[in-house]
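Remember, it's a predicted structure, so these values are computed and weren't measured experimentally.
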Amino acid sequence: MPAINPIRLRLAQMARNPHPQRRRQQRLQRPAPVVGTTGGATTGRRVSFFVFACTIPFATIVLIWQHSQLMERLEGGGEYYSVLYSDDESGTELSSWGDSVQQAVDVVKFVAYGSGLLSKNDDEEEDYDDDDEVEDEIDDESNSEKSNSGEQFAATEQAGSIIPFDLSVNHLQLITDTAGKPPTPPLPPHASSASISEDFLPVVKPSEVIFRWRHTPKVGSLTKDAARVTAYRIVAHRSGGGALLWDSDKVEVGDELPYSSPWPATIVLKPGEIVDWRVILWDAADEAHSSSMSKFAVGPGEEESDWKGRWIAHPFDMDTFKTEGKIQTSDCDKWKMRRSLPLFRARLSSKAILPIIKNEEDPIASALLVVSGLGSFRVSMDGVPLSTSGPIDPPFTDYSSRVMYRGFDVTDFLVGSSLSHVVGITMGSGWWDHRPISGMAKPELLPRGPATVIAQLYLTTSKGKVHIVIPTEGSETTKSTWQVTRGHIRESDLFTGEIVDVGVMSAIEGWDTPNGKAKDETERWIQPVAYRTDVTVEERKQQIALKAKAMEWADRKTFPRRQYFAAPIGKLVPSEIPPVMAMERIAPDEIHDLGSGRWLFDFGKAISGMLHFDDGLPSPIIPETYPRAHGFKAASERGDSFITVIYGESLEMTTGDINRVLVAGLGLHDGGPRHVSNSRGEQDNIPCFPEDHDGILSQRDVFMFPKRSSGAGDVNVDRVLTRVRQSHFTTHGFRFAEICCTAEPPADVHALMYRTAFPEWGTFDSSNVLINGGYELVKNAMNSNMLSVQSDCPHREKLPYGGDLVADSPAAMHMFDMSSFYKKTVRDWIDGQWDNGAYTETSVWQNLNDYAGIGHGA
């Protein structure tokens, strides 16, 4: 067994119990000191002190030796080296032996105070009030580099020994990039040169603003200076160097650790404002250190009167939810009629914004676009994507109770020379309108309706005046500034995957730019209609309660006949958690040729996500016979080519093919090499079962290509191939992926691991490889099941079970900052609670195992 490093051991002990308040309580709960029967009232603590003092010379020599060994073992420095030994990120060596001695002495004092063997009275030379705060934050030194970046402040605000970082508003942090962010694809012609500086902008309601932060000692600072925070100050400005909104001035603090402060009730924030802010902390030597700048936006409230925009939908899609009308067919046929999924866009004309932009006395300070969409949405402006999120946005909730919206800072797009702009919204099905098949997940029990969006753009001037432009509105009362058409996503489903029509994408290239237009005459832009339903929230809750037997039939209410039966949409609230984003980008470990143009990629570990083609899609070939589950009848009948990607977690033992998981609990498969499925099995009696899945509901994505001689005109398919990089509105649980059919294995293919983008703050390491592997296994399972809800599995069900939540939450809180996520989770369970006080097995009721828990009737 390798020698145990005492520095590393001490840090590991601190990581197990990092909270100063908790450590103080544990000290108070220690047994009373033993009073000796002879020699006076010598306490156990003082005896311990004398014993410890006698070992200081020996311990100092050992630590100096450990220091020299550590320098050799940590090649180039590292986490613990940068904390204890160096001010430089590269981990340069100490300048002298004397520095090594001084560092060792500091470590001895650090251990003495942290272990409670020395107190304030034991060492009056050094004015230590409490080293607990230093212990609490010493593990976070890697984040201090982030705090030093960005805007430069006065030198007096950079001299302190305590650095604030991880600034958040209502537990939400500004996210500029994630570790797994894929390369940006080429933008369409005429796209704007403007960009957006963040992937996630926290948005809060005006009445709910609470600032929070963490802090860490500055590398190389004296322990006595970094012992505690003595004061803080918060400074907030209107974004873009605007007016000062609030300055808390220097706020002295006592023994309590300051970590939060509310926005003052006397200063009213307006919806649409974007606020830049920072926090300054003073250390025990009364020296200050400022954080880097962060920002947040103020969004509209949850009342209908707070929104000028209204939910809108494609008129034909809305008609499929009409009781009486031209469309009288099955749910599956109606669902197919709503494919391809719609695109929405709005033109922001110069007439609407010219008087605001050209006002030199009160120019625009910021522009905030707020958007939500059901099922899932991705927003662009002038051809530029505003975020890399999308698989499940908004987060999964009971959409008849509450729906979350996003905010985007689009100021850079409006301060240029162009006076014409286009906002585009691409839609996916999400949990709102996916393929109507029932397995483990039952979509008929979820709120559902046609794809629908709501949006409005706030323009805030330097003097604080707010203008609302291009709100979503239907064409029933006035000519809408919004348009809708069928898009390039023929199908998106969280279980069965996504089908992308590259030919349509080519035909409408530039649809979200001011100078672009749909080139294919069959793709017509029309006016949207207002989302409409006659079903109330009360009626929907009663319907579900009766099915769950959580309400007696005799207690039901009678409601009038409905003309439109789409689900009601709940209150709009700012996003309570970060979006689902790519958190890791994984290169394949191995690539195998399976024949017939089929390639097997092994990424070494199972994740939840999808493939990303860094250089765009490869050119497909058409084999004589498509391998099992790689056929696509709709394209083959037209003579079009296509590429399919099938995902799975394991391989079949005899063939090496992917053993397709029983997604959503549907399909019969013997699991053997012959891929035996019962031709008249369970799937034959399920409406809407995909015909190209060979009787086994599979995780797969399809990319369709038009024939080169199909009269596509000036459509440049090759150029669009470089822009098509991945599916967007689905995720798959997989380690292995089969790509078919190409002449050569596609180059530069990566797997993107998606989860909710909360920070990872916990670590674990030991000298045992198996134990370390077990920790990584648990973390990997967590990563795969944190897609806006804490689910049970990333493929078959994806549902938020209460049992999994309770069992896994301690591990999750060790690994990740779950403060916002669990705040949202509690609200999910409150929304799903029955009137009789009982809870469901899943936060959105799915009629699964309620008898086994505290379900209906409790």
Q: Decide if the gap between the ring center of Tyr822 and the ring center of Trp829 is smaller than 6.0 angstrom.
A: no
Q: Check whether any side-chain N or O of Thr513 sits under 3.5 Å from a backbone N or O of Ala191 as a donor-acceptor pair, and report yes or no.
A: no
Q) Could you go step by step and tell me if Lys824 and Asp828 meet the salt bridge (charged side-chain N to carboxylate O under 4.0 Å, His left out) rule? A) CA-CA 6 Å; Lys824 180 255 184 191; Asp828 290 346; 2.8 Å; yes
Q: Please work out whether the ring planes of Trp511 and Trp525 are parallel, tilted or perpendicular, with thresholds of 30° and 60°.
A: parallel
Q: Determine the interplanar angle of the Tyr531 and Trp432 rings, folded into 0 to 90°, and report it as parallel if under 30°, tilted if 30 to 60°, perpendicular if over 60°.
A: tilted
Q | Gln456 side chain vs Thr472 backbone, donor-acceptor pair below 3.5 Å | A | no
Q. Do Lys322 and Phe565 meet the cation-pi criteria used here (NZ or CZ under 6.0 Å from the six-membered ring centre, within 45° of the axis)?
A. no
Q.
Is it true that His732 and Asp701 share a donor-acceptor pair across their side chains at a distance under 3.5 Å?
A. yes
Q) Take atom NZ in Lys295; do more than 12 heavy atoms of anything else shown fall under 6.0 Å from it? A) yes
Q) Under the side-chain hydrogen bond (donor to acceptor under 3.5 Å, both in side chains) test, which residues partner Tyr754, sequence neighbours left out? A) Gln726
Q: Could you walk me through whether Glu302 and Lys205 pass salt bridge (charged side-chain N to carboxylate O under 4.0 Å, His left out), step by step?
A: CA-CA 9 Å; Glu302 58 189 41; Lys205 291 184 288 188; 3.2 Å; yes
Q) Are the aromatic ring centres of Phe495 and His434 under 6.0 angstrom apart? A) yes
Q) With sequence neighbours left out, what residues match Asp792 under side-chain hydrogen bond (donor to acceptor under 3.5 Å, both in side chains)? A) none
Q: Applying salt bridge (charged side-chain N to carboxylate O under 4.0 Å, His left out), name anything that partners Arg532, two or more places apart in sequence or on another chain.
A: none
(Q) Between Glu491 and Arg435, does any side-chain N to carboxylate O distance fall below 4.0 Å? (A) yes
**Q.** Under 3.5 Å donor-acceptor, Asp306 side chain and Pro300 backbone
**A.** no
Q: Anything under 30° is parallel, anything over 60° is perpendicular, the rest tilted; go ahead and classify Phe396 against Tyr399.
A: tilted
**Q.** Any donor-acceptor pair under 3.5 Å from Arg448 side chain to Glu444 backbone
**A.** no
Q: Determine, for Glu576 against Arg402, whether the closest basic-nitrogen to carboxylate-oxygen distance falls under 4.0 angstrom.
A: yes
Q: Using the test ring-ring contact (aromatic ring centres under 6.0 Å, His included), find all partners of Phe729 that sit at least two apart in sequence or belong to another chain.
A: none
Q.
Is it true that Glu649 and His795 share a donor-acceptor pair across their side chains at a distance under 3.5 Å?
A. yes
Q: Indicate yes or no for a side-chain donor-acceptor contact from Arg755 to the backbone of Leu787 under 3.5 Å, with no hydrogens or angles considered.
A: no
**Q.** Under the side-chain hydrogen bond (donor to acceptor under 3.5 Å, both in side chains) test, residues paired with Arg338 that sit two or more places apart
**A.** Thr320, Asp433
Q.
Hydrogens and angles aside, do His421 and Asp382 bring a side-chain donor and acceptor to less than 3.5 Å of each other?
A. yes
Q) Is it true that the side chains of Arg378 and Ser389 contain a donor and an acceptor less than 3.5 Å apart? A) no
**Q.** Pairing residues for Asp317 by the salt bridge (charged side-chain N to carboxylate O under 4.0 Å, His left out) criterion, not counting sequence neighbours
**A.** Arg486
Q | Donor-acceptor under 3.5 Å (His693 side chain, Ser698 main chain) | A | yes
Q: Tell me yes or no: between the side chains of Arg540 and Ser401, is some donor less than 3.5 Å from an acceptor?
A: no
